[in-house]
Number of protein chains: 2
Amino acid sequence: MRATVKDVARLAQVSPKTVSNVVTGTTPVSDAMRARVEAAMLELDYVPNLSARALRNGRSGLIALALPDLSTPYSAEMAHHFVVAAGTRGLGVQIEETAVSGERERQLISRARAHLIDGLILNPVLLPNVTVQDGVRLPPTVFIGEVEQSVGDYVWVDNVAAVRELTSYLVDLGHRRIAIMGVMKSETSRLRLKGYRAALRAARIRRDPVLEIFGPKWSPAGAYAAITAYLEHHDLPEAIVCMTDSIAAGVLNALWTLGHRVPDDVSVVGYDNVADSAFAVPPLTTIDFDKDAYASTALDLLEARIADRDRPIERVTMPHRLLIRASTAARR
Amino acid sequence: MRATVKDVARLAQVSPKTVSNVVTGTTPVSDAMRARVEAAMLELDYVPNLSARALRNGRSGLIALALPDLSTPYSAEMAHHFVVAAGTRGLGVQIEETAVSGERERQLISRARAHLIDGLILNPVLLPNVTVQDGVRLPPTVFIGEVEQSVGDYVWVDNVAAVRELTSYLVDLGHRRIAIMGVMKSETSRLRLKGYRAALRAARIRRDPVLEIFGPKWSPAGAYAAITAYLEHHDLPEAIVCMTDSIAAGVLNALWTLGHRVPDDVSVVGYDNVADSAFAVPPLTTIDFDKDAYASTALDLLEARIADRDRPIERVTMPHRLLIRASTAARR
DNA sequence: CTGAAAGCGCTTACAG
DNA sequence: CTGAAAGCGCTTACAG
């Protein structure tokens, strides 16, 4: 059986308290004493039981990260940055996927306390603002992503401004018939569409509903299907703003399949700067932001919230930048 | 404060044991009693404390999944399938990244008991067979991936056979000068190179060391750099076997940049069938396997191992298949 | 700087 | 079918 503090204490001829002091380092211990305890721990191959510690301390050292779908490159990169950043803080990360069921987001919020976690990083997609406010007792939670809400801390990128810049850049390249791909019923879509429209308005380009292409599935496959169907009945736009890099991947593939050259025939832009976008064919112009800083910021807020549940709500907007690559070119 | 079993018991006027019976369902409870307890739980917003349960039961319901680097599409898809499959079994998944430090794999094996997890799914990369055998007391562990070892259960795909088929397919298309990209010092590379060589041998094609291209960074960026440097001093091969789809992404991009057409000038194949590979430009011929079944199988083994630590070691080879897409064409 | 005691919240034998 | 007691392994006041 596993050794416990008691076993170590007995072998080292000290009290359990002293073993605990050595392990946690809360109270100073004399060198001789420390050496004796450490020798005993080594001999017994002692490893502290974190369940017991969690019960006693009311802290598990574990947080949950809830993302819509881990298999998308975007979520994957986010998860990576969160796991690494949490690791440096001594926190473990339990992953939850919310896209699996619509019920899951709500469950997580209300029952997260049930799990042995100290806090929750939640990227809501479906959860409407109302439901969140309804959720009575939140566990310490930091929201990430695009659901505007006022019940908790959150970290996000100014989606409206970002897509406005992206679209304005296309305007500056001389494009007029600029489409946006991936319109659907979600907060992210709403904000990005808003940015797109704002850019057109600023350029005095009349917005054309036909160019706001419905695309409810934000994956390469979904985008491929949507754009292919669209082009059967519509002219090729001069430029296409894709709501995400994943959408852009499907669009690039569809355009290639149909024999349209990017950027010669049509410019394409994405959003997120997923790692693979730099190696798309052609490399993708997109919106970039520092995902590492994003994760750190969210964890800062979460740790602060765990430490003081009554502190004022904080909202952080992370800076973004337009990253110009070969998928865009001037109109000729 | 959070309500406890005691509080619920008091309110429902029963003993804590009865509350526990209702919650866990171990012992049958009369309907009237159950209703009373459930009403009390609802009123107090009772949520069981899993840390306490974990301490008492010696089970946390949490497993750890240790992957080299979550941000790669391959790891991301694996993580997704594991999280979903674990979820249906009522298990939570804590993610660990091992690539961050070389020490991490070893730590996980020896100290996983420390964490509040019941078992470990480990995809080792660097860990040599020896070290694993050295690791005295493993927590319940299932290995996934390509490190052959005899100390624990594992699930894998027959890499040698898969790459042999992949290469033979290129041979059948009429290619002779077939390169392999991504040779490095790792078990995965060793096995895939072995399959490549076996296919050449079977076709009586003399193997050329110049065509075994060193590529220690298995990412689009690393592959891009390696193949670009290579082509400065060598002829374009007739076909390129990429050790992974990620490598293939970088290779496709480099070939496009250099003006080589795929598959007209050169055929390219990958390995893993990552989701985005179907939408690569051009869509990638690759090795596919059922990642969902892979995750389920590994979890089956892990649950069995947790239940009985002394059961005989089990190894499962998951079937794979060659998936032919547009990145390969017959030599003309 | 160290010891003895109590308790975190749960569930499992043990009785009834 | 239900109750009272004990204990999982840890750490925190409380003394000394």
Side-chain angles (χ1 to χ4, degrees), chain A residues 1-38 40-41 44-62 90 111-118 139 306, chain B residues 1-38 40-41 44-62 90 111-118 139 306:
Chain A
M1 270 320 294
R2 285 175 59 161
T4 72
V5 262
K6 271 190 182 166
D7 302 322
V8 175
R10 201 178 308 123
L11 182 63
Q13 312 208 44
V14 297
S15 82
K17 159 76 168 144
T18 306
V19 176
S20 176
N21 284 343
V22 170
V23 173
T24 61
T26 343
T27 319
V29 178
S30 71
D31 285 355
M33 192 60 60
R34 167 181 302 278
R36 225 164 76 202
V37 171
E38 280 174 348
M41 292 200 297
L44 295 175
D45 190 22
Y46 171 73
V47 179
N49 180 326
L50 296 197
S51 292
R53 189 180 285 175
L55 174 58
R56 173 63 239 218
N57 291 345
R59 290 274 184 87
S60 63
L62 217 56
R111 318 216 72 220
R113 297 178 298 151
H115 296 73
L116 40 194
I117 60 158
D118 299 335
I306 291 170
Chain B
M1 270 320 295
R2 284 174 59 161
T4 73
V5 261
K6 273 190 183 168
D7 301 324
V8 176
R10 199 177 311 124
L11 183 62
Q13 311 209 48
V14 297
S15 81
K17 160 75 168 143
T18 305
V19 177
S20 177
N21 284 344
V22 170
V23 174
T24 61
T26 344
T27 319
V29 178
S30 71
D31 284 355
M33 192 60 61
R34 166 180 304 279
R36 224 163 77 201
V37 171
E38 279 173 348
M41 293 200 297
L44 296 174
D45 190 21
Y46 171 73
V47 179
N49 179 327
L50 295 197
S51 292
R53 188 181 285 175
L55 174 58
R56 174 64 239 218
N57 291 345
R59 289 274 184 87
S60 63
L62 217 56
R111 320 216 71 220
R113 296 178 299 150
H115 297 72
L116 41 193
I117 60 158
D118 300 335
I306 291 170

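Note: hydrogens, waters and symmetry copies are ignored here, and every other heavy atom, side chains too, is used.
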Response to the item:
With the side chain defined as heavy atoms from C-beta on, K17(A) is closest, among dT11(D), dT12(D), dT11(C), to dT12(D)

Discussion item. Looking at P16(B), is its backbone amide N or carbonyl O close enough to the side chain of S20(B) to form a donor-acceptor pair, meaning the two atoms are under 3.5 Å apart?
Written reply: no

Worksheet item: For R10(A) and dC10(D), what is the distance between atoms CZ and C1' respectively, to the nearest whole Å?
Response: 15 Å

Practice prompt. Hey, could you give me the CE/CG distance between M41(B) and D45(B), rounded to the nearest 0.5 Å?
Written response: 11.0 Å

Worksheet item: Any idea which of dC1(C), dT11(D), dT2(D) is nearest the S30(A) side chain?
Response: dC1(C)

Worksheet item: Quick one: L50(B) CG to dG9(D) C1', roughly how many Å, whole number?
Response: 17 Å

Discussion item. Among dC10(C), dT11(D), dT11(C), which nucleotide has an atom closest to any side-chain atom of Y46(B)?
Written reply: dC10(C)

Worksheet item: Rounded to the nearest Å, what distance is computed from the CG atom of residue L55(A) to the P atom of nucleotide dT11(C)?
Response: 12 Å

Discussion item. What's the closest nucleotide to the side chain of S15(A) if the choices are dC10(C), dT2(D), dA4(C)?
Written reply: dA4(C)

Discussion item. Within this structure, what is the CZ-CE distance for the pair R36(A) and M33(A), rounded to the nearest 0.5 Å?
Written reply: 4.5 Å

Fill in: T18(B) vs dC1(D): side-chain N/O to OP1/OP2 distance below 4.0 Å
no

Fill in: Spacing between R53(B) atom CZ and dT12(C) atom P, to the nearest angstrom
10 Å

Practice prompt. For N57(A) and for V14(B), locate the closest nucleotide of DNA chain D by heavy-atom distance; then report the residue assigned to the nucleotide nearer the 5' terminus.
Written response: V14(B)

Item to complete: For dA15(C), give its Watson-Crick or G-U wobble partner with both distances under 3.5 Å, or none.
Response: dT2(D)

Worksheet item: DNA chain D: K6(A) or N21(B), which has the more 5' nearest nucleotide?
Response: N21(B)

Response to the item:
Winner on side-chain proximity to T4(B), out of dG9(D), dC10(C), dT11(D), is dC10(C)

Worksheet item: Nearest to the side chain of V29(A) - dG9(D), dT11(D), dT2(C)?
Response: dT2(C)

Worksheet item: Between dC10(C) atom P and N49(A) atom CG, what is the distance in whole Å?
Response: 17 Å

Worksheet item: Whole-Å distance between dC8(C) P and D7(B) CG?
Response: 11 Å

Item to complete: Send over the distance from R56(A) CZ to dC10(D) P, rounded to a whole Å.
Response: 13 Å

Practice prompt. With Y46(A) as reference, evaluate D7(A), V23(A), L11(A) under the side-chain contact (heavy atoms from CB on, under 4.5 Å) test and give the passing residue.
Written response: V23(A)

Worksheet entry | Point-to-point distance, once rounded to the nearest 0.5 Å, from OG1 of T4(B) to CG of N49(B) | 9.5 Å

